[in-house]
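To start, the structure under review is shown below, and the notes come after it.
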Number of protein chains: 2
Amino acid sequence: MEVKLPTFNSVFSIDCVIFGSEAGELKILLIERNEEPYKDWLALPGYIVEQDESIDNAAERILYELTGLRDLHMQQFHTFGEVNRHPQGRVITVAYYALIRINGQKELKPITQYAKSAFWHPVNELPKLAFDHTEIFQTGFNKLRRRLNYQPIAFELLPEKFTLTQLQSLYEAVLNKKLDKRNFRKKMLSYGFLKELDEKQKGVSYRAAKLYKFDRRKYTKIFQNELNLDS
Amino acid sequence: MEVKLPTFNSVFSIDCVIFGSEAGELKILLIERNEEPYKDWLALPGYIVEQDESIDNAAERILYELTGLRDLHMQQFHTFGEVNRHPQGRVITVAYYALIRINGQKELKPITQYAKSAFWHPVNELPKLAFDHTEIFQTGFNKLRRRLNYQPIAFELLPEKFTLTQLQSLYEAVLNKKLDKRNFRKKMLSYGFLKELDEKQKGVSYRAAKLYKFDRRKYTKIFQNELNLDS
DNA sequence: TTTAATGGTGTAAGTCTGACACACTATATT
DNA sequence: AATATAGTGTGTCAGACTTACACCATTAAA
């Protein structure tokens with residue numbers, strides 16, 4: 001005896017909380033909606049999952065179609081399933097987040113008509129967002145904070161070569177508190193996955209700082225154990 | 001101009017990974033399915049979400065209907081959205097987990113016909129489970145491990161009065177490694193949320209151990225800050 | 001009374017954390 | 001050439017925490 005699946009019971013969608021950093025400031029990727037409901041509002045990039053794609057793939061596709069960005073390593077962090085999240089019916093959403101270095105090369109440009117534009121916006125002074133996106137953003141931001149405490153993920157946000165001061169500012173922006181310069185440097189260097197370069201910062205009108213880069217091989221070696229548990 | 005929601009695109013369900021401990025052994029709650037597909041297989045308690053209930057409510061309802069247990073504090077930990085998880089079509093599942101003390105009083109008894117029975121099974125030597133439930137269980141177990149490292153959640157699993165050795169055994173079962181007795185006791189007691197009782201263990205044929213209970217008020221006070229970040 | 005089984009306890013070495021202040025250097029300005 | 005400016009780069013100490021490690025105490029049963 002075959003038993004059939006019940007008919008579909010929900011609309012299923014993805015929202016993306018993408019953090020970037022630029023000019024020492026932590027930013028988040030937003031789009032301007034071009035569709036009702038909330039037409040013309042700002043929102044997190046998000047859309048509906050297709051029936052024949054996994055949610056991880058859907059997240060990549062949707063982000064790409066709405067913003068032009070691809071190949072980020074997004075991770076889901078929470079699923080929002082209240083009944084009245086969407087004014088027109090039941091929608092359940094898995095939220096993903098990722099970190100990325102912002103650089104001019106990667107152009108932000110929606111592929112589909114559903115977004116008018118995509119752009120980076122500072123995480124402070126965030127405007128009102130469509131749907132429950134403010135809550136989704138907050139949850140994602142908290143997740144990022146907690147994670148930063150036990151995994152050095154900040155490198156994803158920085159250019160390839162960076163100074164220790166830049167790294168520290170980023171930590172301070174995410175954790176929202178001042179850190180002690182000497183202790184911060186001591187600790188970061190003690191991990192052993194920062195590679196000191198023979199280069200210095202350029203174009204500054206004061207003593208130039210040494211540049212470092214992130215040694216992913218050493219990092220992986222060191223954080224192997226923690227990562228193994230991370231599924 | 002009104003734009004309608006697309007028609008529903010998925011079946012949405014919940015699975016529950018419920019940990020309990022009994023006789024010093026860590027166990028998980030399973031059901032015997034009474035429905036195709038996977039009729040007669042063992043599985044995690046799980047079922048389909050209704051259109052008019054939030055996923056958190058759905059999780060409580062479903063667990064109750066399949067096992068008779070209620071009022072646990074479940075938390076979602078991951079959403080499974082591969083395309084071919086279910087042999088009959090697209091199903092997306094949010095997995096929840098919770099900890100509970102097993103005691104004889106709470107009878108396990110399915111309310112609905114969808115489960116033949118519900119029972120506790122040791123987490124070691126787990127049999128093959130229906131669908132991708134083995135993977136869901138593993139992910140949940142890893143989550144539990146990581147969480148135990150920064151929150152003393154083990155109390156949820158123990159009877160009201162317990163000995164330090166019982167507490168330690170539970171930690172060892174979850175973390176899957178031996179701990180040093182003296183260091184473990186020192187550390188647990190140093191937190192200050194264990195209340196020493198004037199009672200001792202009974203019915204053992206060796207020196208009886210002191211009983212302790214968990215002081216939830218102090219615990220909350222101490223872990224307030226960490227919890228605030230935990231959304 | 002002896003045995004078997006588990007309960008209960010302290011110390012020392014090493015590691016990590018957090019607090020704290022000043023000289024150095026590159027450029028821009030006069 | 002001298003000086004101002006702005007951020008770079010560095011060491012130490014105290015306290016807290018972590019880890020390793022071994023033996024006597026108590027109870028019930030034989």
Side-chain angles (χ1 to χ4, degrees), chain A residues 21 23-25 145-146 148-152 154 158-159 161-173 175-213 222-223 225-226, chain B residues 21 23-25 145-146 148-152 154 158-159 161-173 175-213 222-223 225-226:
Chain A
S21 128
E25 198 175 24
R145 277 198 188 122
R146 256 171 301 141
L148 191 64
N149 280 321
Y150 60 94
Q151 277 183 27
L158 289 172
K161 302 171 183 181
F162 52 86
T163 69
L164 290 179
T165 303
Q166 285 168 352
L167 185 59
Q168 183 176 348
S169 304
L170 185 51
Y171 267 77
E172 291 177 341
L175 301 176
N176 196 29
K177 64 179 175 195
K178 280 277 168 206
L179 302 173
D180 179 272
K181 184 162 61 158
R182 277 177 290 189
N183 292 337
F184 181 81
R185 285 164 182 244
K186 207 188 325 169
K187 188 165 175 181
M188 280 296 149
L189 292 173
S190 79
Y191 286 137
F193 51 61
L194 289 185
K195 193 168 167 184
E196 186 178 331
L197 301 176
D198 282 337
E199 274 175 273
K200 295 201 167 182
Q201 214 179 10
K202 278 182 183 152
V204 291
S205 75
Y206 46 81
R207 176 178 177 183
K210 277 185 208 156
L211 289 171
Y212 289 81
K213 78 192 245 196
I222 297 165
F223 282 82
N225 300 328
E226 282 90 8
Chain B
S21 129
E25 199 176 23
R145 275 196 190 122
R146 254 172 301 139
L148 191 64
N149 279 322
Y150 60 94
Q151 278 182 26
L158 290 172
K161 302 172 184 180
F162 52 86
T163 69
L164 290 178
T165 302
Q166 284 168 352
L167 185 59
Q168 183 176 345
S169 304
L170 184 51
Y171 267 77
E172 290 177 342
L175 301 176
N176 196 28
K177 63 179 176 195
K178 280 278 167 204
L179 302 173
D180 180 272
K181 185 162 61 158
R182 277 177 290 192
N183 291 338
F184 181 82
R185 285 163 182 245
K186 206 188 326 168
K187 188 165 174 182
M188 280 297 149
L189 292 173
S190 79
Y191 286 137
F193 51 60
L194 289 186
K195 194 168 166 185
E196 186 179 333
L197 302 176
D198 281 336
E199 272 175 274
K200 294 201 168 181
Q201 214 178 10
K202 278 183 185 150
V204 292
S205 75
Y206 45 82
R207 176 175 176 184
K210 277 186 208 153
L211 289 170
Y212 288 80
K213 77 192 247 194
I222 297 164
F223 282 83
N225 301 327
E226 282 90 7

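Side-chain atoms are counted along with the backbone in the values below, which use heavy atoms only and exclude waters and symmetry mates. None of these values were measured; they are calculated from a predicted model. Just so we're on the same page: letters track the sequence lines, and every chain starts at 1.
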When we call it a touch if two heavy atoms are under 4.0 Å apart, what does B/Lys181 touch: a base, just sugar-phosphate, or nothing?
base
How would you label the contact of A/Thr165 with the nucleic acid (heavy atoms, under 4.0 Å): base, sugar-phosphate, or nothing?
sugar-phosphate
Find the distance [X]:[atom1] to [N]:[atom2] and express it as a whole number of Å.
| X | N | atom1 | atom2 | result |
| --- | --- | --- | --- | --- |
| B/Leu179 | D/dT18 | CG | P | 13 Å |
| A/Gln201 | D/dG9 | CD | C1' | 13 Å |
| A/Glu196 | D/dT8 | CD | P | 15 Å |
| A/Arg182 | D/dA14 | CZ | P | 16 Å |
| B/Tyr150 | D/dC17 | OH | C1' | 21 Å |
| A/Arg185 | D/dG7 | CZ | P | 13 Å |
| B/Asn149 | D/dT18 | CG | P | 12 Å |
| B/Met188 | C/dG8 | CE | P | 16 Å |

Looking only at N and O atoms, is any donor in the side chain of [X] or the base of [N] less than 3.5 Å from an acceptor on the other one?
| X | N | answer |
| --- | --- | --- |
| B/Arg207 | C/dA4 | no |
| A/Lys186 | C/dG18 | yes |
| A/Lys210 | D/dG9 | no |

Closest non-hydrogen atom pair, A/Leu167 against A/Ala154
CD1-CB, 4.0 Å
Minimum heavy-atom separation for A/Lys161 and A/Glu199, please, with both atom names.
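That closest heavy-atom pairing would be NZ-OE1, 2.7 Å.
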Residue closer to the 5' end of DNA chain D, A/Thr163 versus A/Ser205 (nearest nucleotide):
A/Ser205
The residue, A/Val204 or A/Asn183, whose nearest nucleotide of DNA chain C is more 5′ is A/Asn183
Specify the residue among A/Lys200 and B/Tyr206 whose closest nucleotide of DNA chain C lies further upstream toward the 5′ end.
B/Tyr206
When you measure from the side-chain N and O atoms of A/Lys187 to the phosphate of C/dT17, is any distance below 4.0 Å, counting only OP1 and OP2?
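Checking A/Lys187 against C/dT17: at least one side-chain N or O falls below 4.0 Å of OP1 or OP2.
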Hey, does the side chain of A/Gln168 reach the backbone of A/Arg185 with a donor-acceptor pair shorter than 3.5 angstrom?
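Pair absent, no side-chain N/O of A/Gln168 close to backbone of A/Arg185.
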Under a 3.5 Å distance rule, please check whether B/Gln201 uses its side chain to pair with a backbone N or O of B/Ala209 as donor and acceptor.
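Yes, B/Gln201 side chain to B/Ala209 backbone: donor-acceptor pair under 3.5 Å.
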Determine whether A/Glu196 and A/Leu189 make a side-chain contact, defined as any pair of heavy atoms from C-beta on separated by less than 4.5 Å.
no
